Amino acid sequence: KLGTTLGGTDLVYQAATVGIHNHTFIAPAGGTVYLECSVIQVIAFGVTGYYDNISMQDLTGSTFEVSTPYTEAELFEVMYAQSNDFMWFAHRNHPPQTLIRNSPTSFSMADAVINRGPYYDLNQDVSYKAAFTGGTTWDYGDTGQIQATLGIFAAADVGDHFLIYNDSDVTEFAEAVITGYSSATLVNCTFLTTVPAGCRSYNVLWARQCISHRYGYPSAVVFHDQRLVYGGVGESDLSQNVFGSTVGDFRSFHAGPNDDDHFNFRLASAKQNAIYIMAVKHDLIIGTLSNEWAMRGGGLEDPITPSNVVTRAHRSEGCRRLMPEEANDIIAFVQRSGHKIIGLDYDEDNRMIFTSDLMLLAEHLTATDIVRQLSYQSERDSIMWAVTDGGKLLGMTYDKEQNILAWHQHTTGASGLFKSIATIPTNDADQTWVVVQREINGSTVQYIEYLDEKDWRVDDTPNHVDAGIE
């Protein structure tokens with residue numbers, strides 16, 4: 001049933017028979033359209049059927065969707081972290097994004113808000129000085145300008161934050177967001193702090209926001225100890241930095257003396273390898289092209305603070321830019337070659353991480369393929385799924401307590417290729433969804449399908465076919 005009220009009688013359309021139906025209608029201006037689906041009984045076959053493959057499209061025939069800045073080729077390198085109705089995305093080619101669930105039927109995506117930093121290293125060149133000018137009052141929210149002795153600004157700097165310290169008293173500083181570009185030496189701004197007198201004259205010590213068009217964007221994002229953490233900014237010297245937000249405020253990267261203020265640490269590595277992935281297994285786990293690192297506070301149970309951190313490289317498997325998956329007691333990630341899936345475990349007694357090759361006895365499955373995506377299903381059976389660039393769907397049944405690790409490959413039709421995978425929870429089991437490429441009547445099409453997870457203990461009438469409707 002299709003109507004303008006939930007459960008109402010003002011129907012726009014009603015399909016009462018079995019079969020494939022479509023209906024074009026004009027949605028009420030400023031209103032909501034409700035779709036109601038009911039279970040039907042097919043008496044002739046004695047089985048229960050369901051409405052399936054339901055979609056709503058606009059007048060151009062396009063399914064409603066949320067636009068993103070990512071290309072198809074970039075999708076598998078997108079990292080994400082979710083907190084309730086907010087999801088943060090990171091990809092090195094784009095500003096961090098936030099997807100917001102406004103309601104069950106409304107989502108929006110925009111550049112993530114990043115306030116008061118994080119900042120690049122302070123300027124030390126005495127030829128390049130900066131000062132806040134043009135303010136009639138100098139309080140938070142007031143407007144003014146930033147003046148430089150030499151050209152340091154560009155039009156693309158609009159929206160970035162800027163920090164100036166008083167050279168004579170570094171306890172004095174002020175911050176502003178650039179709101180307009182006038183020239184390479186002058187921009188308009190809005191003050192984010194009170195501006196002390198020492199910052200209204202030229203100073204050498206100033207800094208730019210480092211998550212920006214100048215320095216690049218983070219490759220990885222994760223939550224850890226009530227902070228939003230970004231890592232691997234661009235391909236420069238910031239690619240080995242880890243930036244933690246202030247505790248409890250995922251938008252603020254304010255630097256200060258308190259334990260809950262923003263932190264910024266660089267991996268002390270002999271190799272200049274960018275951060276590719278981040279995850280949490282008690283410690284903050286960091287993966288680069290050559291090593292796996294653990295970052296934690298200095299004490300036994302201490303959190304990471306701006307002045308208390310220990311970071312060590314433990315293993316040298318190296319990783320690929322693909323979202324890791326937590327599978328029960330391990331973190332699974334794709335090794336840098338793309339042919340292996342590595343399991344990372346944490347020894348709490350010795351505060352060490354160690355790794356194992358999960359494909360040691362199944363190397364033939366990816367000998368000519370590259371793993372491009374992982375997805376973990378915990379119920380009813382514990383299975384780590386993997387999709388390869390060759391269109392294979394691989395599964396690893398995993399139960400560490402029972403010493404079970406068994407790989408299996410799945411096919412779908414003569415020409416079906418698996419392109420992507422995701423797993424969601426349902427009331428009684430996890431449900432794994434896939435994008436499948438098929439050849440239908442001479443045309444190449446892609447379907448969104450799901451694996452029918454049967455409970456074989458109670459279901460003795462299985463009906464399993466490729467892309468089938470029960």
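Worth saying up front: this structure is predicted, and the values here are computed from it rather than measured. Heavy-atom basis, side chains included; hydrogens, waters and symmetry copies ignored.
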Under the side chain to side chain donor-acceptor pair (under 3.5 Å) criterion, do Thr388 and Asp369 qualify, and how do the steps go? CA-CA 6 Å; Thr388 73; Asp369 284 48; 2.7 Å; yes
Do Arg380 and Asp428 pass the salt bridge (Lys or Arg N to Asp or Glu O under 4.0 Å) test, and can you show the C-alpha distance, the side-chain angles, and the key distance before you say yes or no? CA-CA 8 Å; Arg380 292 186 173 90; Asp428 59 349; 3.1 Å; yes
Working for side-chain contact (heavy atoms from CB on, under 4.5 Å), residues Leu344 and Phe333: CA-CA 8 Å; Leu344 183 148; Phe333 65 90; 4.1 Å; yes
Pair Thr423-Tyr376, side-chain contact (heavy atoms from CB on, under 4.5 Å): steps then yes or no: CA-CA 7 Å; Thr423 301; Tyr376 178 62; over 6 Å; no
Can you check side chain to side chain donor-acceptor pair (under 3.5 Å) on Thr246 and Arg227, steps first, answer last? CA-CA 6 Å; Thr246 57; Arg227 299 178 188 266; over 6 Å; no
Report the C-alpha distance between Gln97 and Asp111 in whole Å, list the side-chain angles of each, state the deciding distance to 0.1 Å, and finish with yes or no for side-chain contact (heavy atoms from CB on, under 4.5 Å). CA-CA 4 Å; Gln97 302 290 301; Asp111 289 357; 2.7 Å; yes
If you apply the rule salt bridge (Lys or Arg N to Asp or Glu O under 4.0 Å), what do you find for Arg438 with Glu449, and how did you get there? CA-CA 12 Å; Arg438 301 185 184 280; Glu449 307 173 10; 2.9 Å; yes
Run the numbers on Val280 and Ile285 for side-chain contact (heavy atoms from CB on, under 4.5 Å), then give the verdict. CA-CA 5 Å; Val280 175; Ile285 305 301; over 6 Å; no
Using the salt bridge (Lys or Arg N to Asp or Glu O under 4.0 Å) rule, take Arg92 and Glu77 through it: C-alpha gap first, then chi angles, then the decisive distance, then the call. CA-CA 9 Å; Arg92 70 186 190 279; Glu77 293 187 357; 2.4 Å; yes
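Taking the centre of each ring, Trp385 and His410 come in below the 6.0 Å mark. The aromatic ring centres of Phe243 and Tyr230 sit 6.0 Å or more apart. Between Phe223 and Phe250, the gap from one ring centroid to the other is short of 6.0 Å. Taking the six-membered ring for Trp, Phe162 and Phe153 have ring centres closer than 6.0 Å. Remark: aromatic rings of Phe354 and His314 are distant, center separation not under 6.0 Å.
Counting heavy atoms from C-beta outward, Asn93 and Glu74 have side chains that approach closer than 4.5 Å. Side-chain contact check for Leu365 versus Met359: some heavy-atom pair is nearer than 4.5 Å. With contacts defined as side-chain heavy-atom distances shorter than 4.5 Å, the pair Leu122/Tyr165 qualifies. You'll find the side chain of His339 reaches within 4.5 Å of the side chain of Ile370, heavy atoms only. Counting heavy atoms from C-beta outward, Leu393 and Gln409 have side chains that stay 4.5 Å or more apart. Annotation: side chain of Val229 is in contact with side chain of Leu284 (closest heavy-atom distance under 4.5 Å).
Not a single donor-acceptor pair under 3.5 Å links the side chain of His262 to the backbone N or O of Ala255. Under a 3.5 Å cut-off, the side chain of Ser378 and the backbone N or O of Ser382 do not form any donor-acceptor pair. Checked by atom type and distance alone, the side chain of Gln402 never pairs as donor or acceptor with a backbone atom of Asp399 at under 3.5 Å. Remark: side-chain polar atoms of Asp157 are not paired, donor with acceptor, to backbone N or O of Asp160 under 3.5 angstrom. Side chain of Trp407 to backbone of Leu358: a donor-acceptor contact under 3.5 angstrom is found. In this structure a side-chain-to-backbone donor-acceptor pair under 3.5 Å is present from Ser212 to Gln209. Side-chain N or O atoms of Gln240 include none that pairs as donor or acceptor with a backbone N or O of Ala268 at under 3.5 Å. No side-chain donor-acceptor contact under 3.5 Å links Gln335 to the backbone of Cys319. Judged by distance alone, with hydrogens and angles left aside, the side-chain atoms of Ser83 form no donor-acceptor pair with the main-chain N or O of Phe86 at under 3.5 Å. In this structure a side-chain-to-backbone donor-acceptor pair under 3.5 Å is missing from Thr305 to Asp259.
Here the NE2 atom belonging to His224 is positioned 9.0 Å from the CE atom belonging to Met295, to the nearest 0.5 angstrom. Between the CG atom in Leu163 and the CG atom in Asn123 there is a gap of 11.5 Å [rounded to 0.5 Å]. Between Tyr80 atom OH and Phe89 atom CZ the span is 8.5 Å, to the nearest 0.5 Å. With rounding to the nearest 0.5 Å, the separation of CZ in Arg320 from CD1 in Ile342 is 13.0 Å. To the nearest 0.5 angstrom, Tyr276 atom OH is 12.5 Å from Glu292 atom CD. Residue Glu317 holds its CD atom at 10.0 Å from OG of Ser337, rounded to the nearest 0.5 Å.
Each of Lys400, Lys281, Arg315 was checked for a salt bridge (charged side-chain N to carboxylate O under 4.0 Å, His left out) with Asp345, and the lone residue meeting it is Lys400.
Asp237 and Tyr215 share no donor-acceptor pair across their side chains, judged by distance under 3.5 Å alone. A side-chain donor from one of Asn264 and Asn241 sits under 3.5 Å from a side-chain acceptor of the other. In this structure, a donor-acceptor pair under 3.5 Å is absent between the side chains of Gln431 and Thr426. Using modelled atom types, one finds a donor on one side chain and an acceptor on the other under 3.5 Å when comparing Asn102 with Ser108.
Shortest non-hydrogen contact noted between Tyr217 and His91 is CB-O, 3.9 Å. The minimum heavy-atom distance between Asp121 and Ala207, with the atom names listed, is O-CB, 4.2 Å. Contact between Ile211 and Pro218 at its shortest, heavy atoms only, is CG2-CD, 3.7 Å. Taking all atoms of both residues into account, the shortest heavy-atom contact from Leu99 to Met109 is CD1-CB, 4.1 Å. Pro306 and Phe263 make their closest contact through CA-CB, 4.0 Å (heavy atoms, listed as atom of the first residue, atom of the second, distance). For the residue pair Ser290 and Arg336, the shortest heavy atom distance occurs at CA-NH1, 3.8 Å.
Within a 6.0 Å radius of CZ in Arg266, other residues, nucleotides and ligands contribute more than 12 heavy atoms. No more than 12 heavy-atom neighbours from other residues, nucleotides or ligands sit within 6.0 angstrom of CD on Gln226. Residue-environment remark: CG (Leu361) stays at or below the threshold of 12 foreign heavy atoms within 6.0 Å. For Arg312, the CZ atom sits in a loose shell: 12 or fewer heavy atoms of surrounding residues, nucleotides or ligands are nearer than 6.0 Å.
Ring geometry, Tyr450 versus Trp433: the interplanar angle falls from 30° to 60°, so the pair is classed tilted.
By the 4.0 Å N-to-carboxylate-O rule, Arg372 lies too far from Asp389 to be salt-bridged with it.
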